[in-house]
Amino acid sequence: MSRNIPVDLHPVAILEDRYAGAYSRGEWIAIASADATFHGATRVGWVLTEGPSGNDLEAAGFWCNQPNWIAVGATPDDALNALHARQEAAK
C-alpha cells in the first residue's frame, strides 16, 4: 500500500506510537493531511507533543474518541491501510 497512498491523504506522516499501542492498540500511527492545522499546530506536530503522545491520561482519552484523520496498525503499512479505510468510511 505504501507505494499507492491515495492522493486525498497527502501528506501522510507515519510514526511509532509513544506508548507502543498501550492505548491505541497499534504500534504505528498514520496521520492524513499531516500538515493541516489542528489546535494551533500541524496535525503531526500536535500528535508528537499532545493527545496520543501526551501524558497517560491525555493519550487514553484521545484514543477513546480519535478523529478520522488518524489510524493505527501493527506495521506502518497496516496503519496506512487503516487510515485509508477510516477515510473511506467517513465519506
Kindly list each side-chain donor-acceptor pair under 3.5 angstrom involving residues 27-45, sequence neighbours excluded, with atom names and distances?
| from | atom 1 | to | atom 2 | distance (Å) |
| --- | --- | --- | --- | --- |
| T42 | OG1 | G45 | N | 3.0 |
| R43 | NH1 | A32 | O | 2.9 |

Parallel, tilted or perpendicular, as decided by the 30° and 60° cut-offs, for the rings of W69 and W46: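 Answer is perpendicular, since the angle exceeds 60°.
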Pairs touching residues 80-91 that satisfy salt bridge (Lys or Arg N to Asp or Glu O under 4.0 Å), sequence neighbours left out: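 The answer is D8-K91, E88-K91.
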Distance, nearest 0.5 Å, that separates CD1 of I14 from CG of D78: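 Between I14 CD1 and D78 CG, I get 10.5 Å after rounding to 0.5 Å.
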Can you check whether L15 reaches V47 side chain to side chain, under 4.5 Å on heavy atoms?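 Yes - at least one pair of side-chain heavy atoms lies under 4.5 Å apart.
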Minimum heavy-atom distance [X]-[Y], with the two atoms named:
X   : Y   : result
L9  : V12 : O-CG2, 3.2 Å
A90 : N68 : CB-ND2, 3.0 Å
A71 : A79 : CB-O, 4.0 Å

Joint hydrophobic cluster, L48 plus L83, side-chain heavy atoms closer than 4.5 Å: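 No; tracing contacts between hydrophobic side chains, which count when under 4.5 Å, never links both residues.
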Please enumerate all residues that pass side-chain contact (heavy atoms from CB on, under 4.5 Å) together with D56, with sequence neighbours excluded.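 Residues passing side-chain contact (heavy atoms from CB on, under 4.5 Å) with D56: Y19, Y23.
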